[in-house]
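Take a look at the structure set out below.
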Amino acid sequence: MIFVQGLLSFYGLPLSQSAVEVTTSPAPPPVANGAKYELNTLPVDEKAVADGDTVTVYVSTLTPREAACVPQAVQVAAVERAKARAQRNYTKADALHKQIIDAGYRMLNIHNEEILARKYRIRLRGIDAPESSMPYGKEAKEELIRLVVGKSLKVLIFDEDRYGRCVGDIYCNGVFVQERMLKKGLVWHYGAYDKRPELEKWEKDARDKRIGLWASANPEKPWEWRKNRREQR
Ligand SMILES: *[C@@H]1O[C@H](CO)[C@@H](O)[C@H](O)[C@H]1NC(C)=O
């Protein structure tokens, strides 16, 4: 019940209130490198890494930016789920959790505390990893897992792609993840979408040393591989 009370007092909500007024928050502070906004994530789950350039992350709704925009239906479902769990009605609790998940949120148990968190799919900006069935696709995914799983990430979001993913730079304990992936020769610099000279250089250094996928004389570009597959269909 501590969670329910905490959530209610946090949102200043008596549950009977029918409409929560969404106040316009003040302009966000400027973010480094011209990013639109910054996310600080909860620890990343292993299953969250899809491949070498895509990861799903969750941000606590107790952070001010998220707190301001939790849909009321999600707030109510979270409170009702906590009640159902307290009553050991897990069928009802699971149905409520499904509602929360369908709305792009999830309850996460972090250090024995139930936290309502918002989901973001992140496409790592400026790199392209080999697809899973291409050489080094598996290695790229494994390296990304090794870098981020169990860690809280800082993600600078610049854009959204046509699949609704957030395009961003990921930092993990001060390590710039794209830099690490490029230097290990596990991903390509995505030059068509990203003109940063440092990323170009990190790819070139790995190529010159024939590290990772550059051990092959003529590795297939992931974007050409995808294009060929689309044309064959
Ligand atoms: C669980 O909740 C549902 C829906 O509110 C209700 O129909 C059901 O009787 C409850 N089950 C138990 C064991 O309390």
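Start at 1 with the first residue, then count along the sequence. Indexing begins at 1, ligand by ligand and atom by atom, following the structure's order.
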Test item: protein heavy atom less than 4.0 Å from atom 9 (O) of ligand 1: no

Counting only heavy atoms on the protein side, is anything nearer than 4.0 Å to atom 14 (O) of ligand 1? yes

Are Asp205 and Lys201 within salt-bridge range, i.e. N to O under 4.0 Å?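 Counted as a salt bridge, because a side-chain N and a carboxylate O are separated by less than 4.0 Å.
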
Less than 4.0 Å between a side-chain N and a carboxylate O, is that true for Arg123 and Asp128?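 Here Asp128 pairs with Arg123 in a salt bridge, since their nearest N and O are under 4.0 Å apart.
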
Specify the protein heavy atom at minimum distance from atom 3 (C) of ligand 1: its residue, its atom name, and the distance to 0.1 Å.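 Result: Asn89 ND2, 3.5 Å.
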
Closest protein heavy atom (residue, atom, distance) for atom 4 (C) of ligand 1: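 That would be Lys92 CD, 3.9 Å.
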
Less than 4.5 Å apart, side chain to side chain, heavy atoms only: is that true for Arg81 and Glu114? yes

Is Arg65 close enough and on-axis enough to Tyr37, meaning under 6.0 Å and within 45°, for cation-pi? yes

